[in-house]
Structures are given as C-alpha cells and as structure tokens.
Amino acid sequence: MWRDLLPLGRHPASGGYRRFAWTGLDGECRAWFEEQAVARGLRHEVDRNGNQWAWLGDPAEGDAVVTGSHLDSVPDGGAFDGPLGVVSAFAALDELRGRHARFTRPVGIVNFGDEEGARFGLACVGSRLTAGQLTREQAHRLTDGEGVTLPRAMEAAGHDPDAIGADPDRLARIGAFVELHVEQGRALDLSGDPVGIASAIWPHGRWRFDFRGEANHAGTTRLADRRDPMLSYAETVLAARREAELAGAVATFGKIAVEPNGVNAIPSLVRGWLDSRAADQDSLDAVVAGVEKAAGEYAAAHGVDLAVVRESFTPVVEFDHALRDELARILGTDSDLTVPVLGTSAGHDAGILSGNIPTAMLFVRNPTGVSHSPAESATEDDCVAGVLALADVLEGLACR
C-alpha cells in the first residue's frame, strides 16, 4: 500500500507532496482509497461533503467504530502526515482478519477531504462541514490563490457543491473515532516509545494581517516619503516571535502575499497570515493580542493602514476521557507497549469531531520531529507498532 501511494503527488524537485483538495492529484489519492476498499470487500461511499468511507458491516446499525485520517497535504509536505493514518487503518483491518476477529460493531475507515486547508486556506473543511462547524454559505465563499471558488473546484471534480453541509445522521451512527497520526514533534523520540496516546489539542487559529501602504518607485522615492507596508510586516514577524517566547507558545508567519510584487516597486499591500498555538486559551489570547498591538504601532509609525481578520479558530480539545482511558487499558493489557499520554499543538479531524462524538488519537514516533516537510519520517518498525496498536484498539472496541 505504501509503495503504491508514495509517488502520488510527489514533486520531483522538492521531494515533498502537493496533494491539494479537489485537484487531479487529490483524485488519484481518492481512487487509491476506493481501490483499497473494494479489494477488501468493503462498501465504499462518498458522503455529501466529499469524505470517503469504507465500511465493514452496516453503519446503519449504529455504534460504529471508525478510524482513518486524510490524504491531502500542505505545500511540499511530508509522506506521513495523514496518509499514515489511512494506510494503517487498512493494515489494521488486515491484521484483525488474520486473527479471525469476530466483529460485533460496524467498522469504518475514512479519508476526510481537505484537512490541511492548503488550497482554500481553511483546515479540516470536510470534517468541519460534517460536524456543522462550517456552513454551506461559508464554504461557498472559500477561494484559492487562483481565484477558483470551492464550489467550482468541487464541481470540476464531479462532486455536487450544493449538497454539502452538516451531516448529523452520519455522525449519530458512530460510537467512537480513533485517528492514528505520525507525531508532529519529538516527545516520543525523547521518551523512547514507538506509540503514544493523545490527551488534548492546544487551542489554535489563523489570523490575516493586511498592511496597506502606497505603491511607489523603489529608486526615486525618498525614504522619508515612503508608506512602506513591508517594514511594518517585517517588524510584526519579529514581534510574533517575541510574544510566543514570552508565553511559552508558538507563532508563525508562514505565508505572505505582496502587491504589486515588483522588484523595483514599493508595495501597496503586504498580506501575511499568522498561525499561533498555545497550551491554554489565556496564553493564546495574550500572544495574538500582543502581536496585534505591536502591528498597530508599527503600522502607525510608517503611515500604513492595518486590518486583522481571524480566518479560523479551534478552542482547546480535550479528547474523550473514557475513550482515552479505554485505549490505555487495551494497550496496557493486551500489548507489550508502554504507551505515554501526550498533548499536541497540531489540529486534526479527530479534534473537530470531538464535540459531536467520542474521539481519540494514537501517535507514531517521528525521529526527526519534523512535520509538514519532506524530512518528516517514521521507521518501518514504528509504523508496524502503530498498526498493531491500532489493531488491538479496534479489536478491543469492535470485537467485544
């Protein structure tokens, strides 16, 4: 499975992946998922929001156990973020069939669409729509960098954009969702454990900072006469780093758009996107407020106008304690693993769904600690340990 999936969307120059939602490469990944489902005799379906499902048993019976993740990527992302959870889900089912497990609950494998938000700027679109955290009207206003709207992209890929929206009936059939994911950090590498259980997801969000100045000639305009938004932006980037260090949080300006974007032109607009995350809400609020205050002061000093828009936000997510404890019990009793419980500052579909259904997460060790990059990695032995841990969990939950 891994060999078949590995070349899809891999950029030859960077070695990273560019699997963006509702593109041809996304379609290839979706075709791969359907092939894996059909090859195992599972019932494949695509829901109203474009998420893919593979079912063993009838989900209409309710109390289903679901696992899986996503197949899309950030620009030049790594091979493991998302796909490891989907591949491991199919492999865990193969393992359980090899054990001749007797299922007493329906089991589903899911590929959530547009988890990374790389194309339309909003993460977890598929799961947000399903959970009712994103309305059809809001989704229809999403646009990519080329000006293509989400509805137009979905339609081009053969999906009805007018059908999207909350899907409470589908979620009501699910009794538990367990997402396996490569760790995005080095906690497991430092502890020496191949697999961990998630405790909570830090609160996090994305904010757009628009600095508007005045376009002018780079060679003939005196420094004293300039209204250069790039200066305010650059100072704000440094302020974000300072505020994050003070709060023990993280803050990153990782995307920028400049107009008119000419080498010999002073910009009229610099638009930067802030991603910030912290262990608690108060710390996150302090970071963002500090960055906004500094940006306002820098903008005023340079005669630049500033607008700040919060584009997305996810509050702290405490995974279902009973399900988390059940995973710990299963793995502590039925395997030889020592499984630590650890928090994460990365967002996931499991976090989005946690307000609707019991969710939990398993992490697989990433020795580099690097994610959203081609340097992201996991050893084959650790991936196998993750598959076996997931199989044990599914057996404990769905074969009682």
Side-chain angles (χ1 to χ4, degrees), residues 5 8-11 14 16-35 44-53 68-77 81-83 86 110-168 170 205-208 210 254-261 269 271-273 275 307 309-314 347 349 352-353 372:
L5 186 60
L8 301 183
R10 191 169 194 173
H11 193 267
S14 69
Y17 288 86
R18 300 181 182 181
R19 298 164 172 162
F20 305 145
W22 304 112
T23 62
L25 290 172
D26 181 52
E28 291 183 34
C29 291
R30 295 167 69 85
W32 173 89
F33 182 95
E34 183 175 2
E35 289 169 3
H44 174 263
E45 62 179 358
V46 180
D47 68 20
R48 61 189 298 184
N49 297 308
N51 306 309
Q52 290 180 281
W53 303 80
S69 192
H70 63 95
L71 294 175
D72 66 313
S73 76
V74 299
D76 288 326
D81 180 356
V86 178
V110 63
N111 167 35
F112 282 110
D114 201 4
E115 193 271 353
E116 295 290 7
R119 183 174 181 187
F120 297 101
L122 179 65
C124 300
V125 169
S127 55
R128 284 184 193 273
L129 283 167
T130 301
Q133 295 185 23
L134 179 68
T135 67
R136 178 185 301 136
E137 293 71 27
Q138 290 169 330
H140 278 200
R141 290 196 293 269
L142 296 175
T143 305
D144 70 9
E146 303 299 320
V148 178
T149 64
L150 176 64
R152 182 177 158 196
M154 294 180 74
E155 203 165 36
H159 195 80
D160 181 7
D162 291 326
I164 63 176
D167 202 346
R170 178 173 297 275
R206 297 178 181 182
W207 290 261
R208 192 185 78 231
D210 292 348
K255 179 180 177 181
I256 184 174
V258 181
E259 296 177 8
N261 204 29
L269 170 67
R271 176 170 286 156
W273 282 263
D275 179 301
V309 178
R310 189 179 78 175
E311 292 193 336
S312 68
F313 176 73
T314 303
D349 292 310
I352 297 297
L353 298 180
H372 285 187

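The residues of the chain are indexed from 1 along the displayed sequence.
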Test side chain to side chain contact (heavy atoms under 4.5 Å, CB included) on Gln133 and Ile352 and set out the steps.
CA-CA 8 Å; Gln133 295 185 23; Ile352 297 297; 3.8 Å; yes
Arg128-Thr314 side chain donor-acceptor pair, cut-off 3.5 Å:
yes
Go through the side-chain N and O atoms of Ser127 and Asn51 and say whether any donor and acceptor fall under 3.5 Å apart.
no
Taking the side chain from Arg271 and the backbone from Asp210, do they hold a donor-acceptor pair closer than 3.5 Å?
no
Taking atom OG of Ser69 and atom CG of Asn111, what is their separation to the nearest 0.5 Å?
8.5 Å
Where Asp144 and Glu146 come nearest, the two heavy atoms and their spacing
OD1-N, 2.9 Å
Hey, does the side chain of Arg119 reach the backbone of Ala21 with a donor-acceptor pair shorter than 3.5 angstrom?
yes
Please check if any side-chain donor atom of Trp53 sits under 3.5 Å from a side-chain acceptor atom of Asp47, or the reverse.
yes
Pairwise side-chain contact, Met154 with Asp160, heavy-atom cut-off 4.5 Å (strictly under):
no
Determine yes or no for a side-chain-to-main-chain donor-acceptor pair under 3.5 angstrom, with Arg141 supplying the side chain and Arg136 the backbone.
no
State, to 0.1 Å, how close Trp22 and Ala157 come at their nearest heavy-atom pair, and which atoms those are.
CE3-CB, 3.5 Å
Taking atom types as modelled, find out whether Asp81 and His372 have a side-chain donor-acceptor pair closer than 3.5 angstrom.
yes
Of the non-hydrogen atoms in Ala139 and Leu150, which two are nearest, and what is the gap between them?
O-CD2, 3.4 Å
Can you see whether Ser14 engages Asp76 through a side-chain donor-acceptor pair at a distance of less than 3.5 angstrom?
yes
Which heavy atom of Ala166 sits nearest to which heavy atom of Gly132, and what is that distance?
CB-CA, 3.8 Å
Is Trp32 close to Leu71 at the side-chain level, that is, under 4.5 Å between some pair of heavy atoms?
yes
Look only at the side chain of His70 and the backbone of Gly126, and say whether a donor-acceptor pair between them is shorter than 3.5 Å.
no
Flag, side chain of Glu28 to backbone of Gly9, donor-acceptor distance under 3.5 Å
no
Does the side chain to side chain contact (heavy atoms under 4.5 Å, CB included) test come out yes or no for His44 and Glu35, once each step is laid out?
CA-CA 9 Å; His44 174 263; Glu35 289 169 3; over 6 Å; no
Is it the case that the side chain of Arg206 and the backbone of Gly121 share a donor-acceptor pair, with hydrogens and angles ignored and the cut-off at 3.5 Å?
yes
Would you confirm whether Glu115, through its side chain, and Phe112, through its main-chain N or O, come within 3.5 Å as a donor-acceptor pair?
no
From OH (Tyr17) to SG (Cys29), nearest 0.5 Å:
9.5 Å
Value for CZ (Arg18) from CG (Asp72), rounded to nearest 0.5 Å, stands at 15.0 Å
Less than 4.5 Å apart, any side-chain heavy atom of Val86 and any of Phe33?
yes
Determine yes or no for a side-chain-to-main-chain donor-acceptor pair under 3.5 angstrom, with Asp26 supplying the side chain and Arg19 the backbone.
no
Hey, is CD on Glu155 packed in by over 12 heavy atoms from elsewhere, all under 6.0 Å?
no
Would you indicate whether the side-chain heavy atoms of His140 and Ile164 approach each other to under 4.5 Å?
yes
Minimum-distance pair of heavy atoms, taken over all atoms of Ala118 and Val74:
CB-CA, 4.0 Å
Indicate yes or no for a side-chain donor-acceptor contact from Thr143 to the backbone of Val148 under 3.5 Å, with no hydrogens or angles considered.
no
Spacing of OG1 belonging to Thr130 relative to CG belonging to Asp167, to within rounding of 0.5 Å:
6.0 Å
Can you find a pair of side-chain heavy atoms, one from Thr149 and one from Leu142, that are under 4.5 Å apart?
no
Run the numbers on Leu25 and Leu8 for side chain to side chain contact (heavy atoms under 4.5 Å, CB included), then give the verdict.
CA-CA 7 Å; Leu25 290 172; Leu8 301 183; 5.7 Å; no
Quick check: closest heavy atoms across Ala163 and Arg48, and the distance to 0.1 Å?
O-NE, 2.7 Å
Verify, without hydrogens or angle tests, whether Gln52 (side chain) and Arg30 (backbone) share a donor-acceptor contact under 3.5 angstrom.
yes
pair Asp114-Phe120: side-chain heavy atoms closer than 4.5 Å
yes
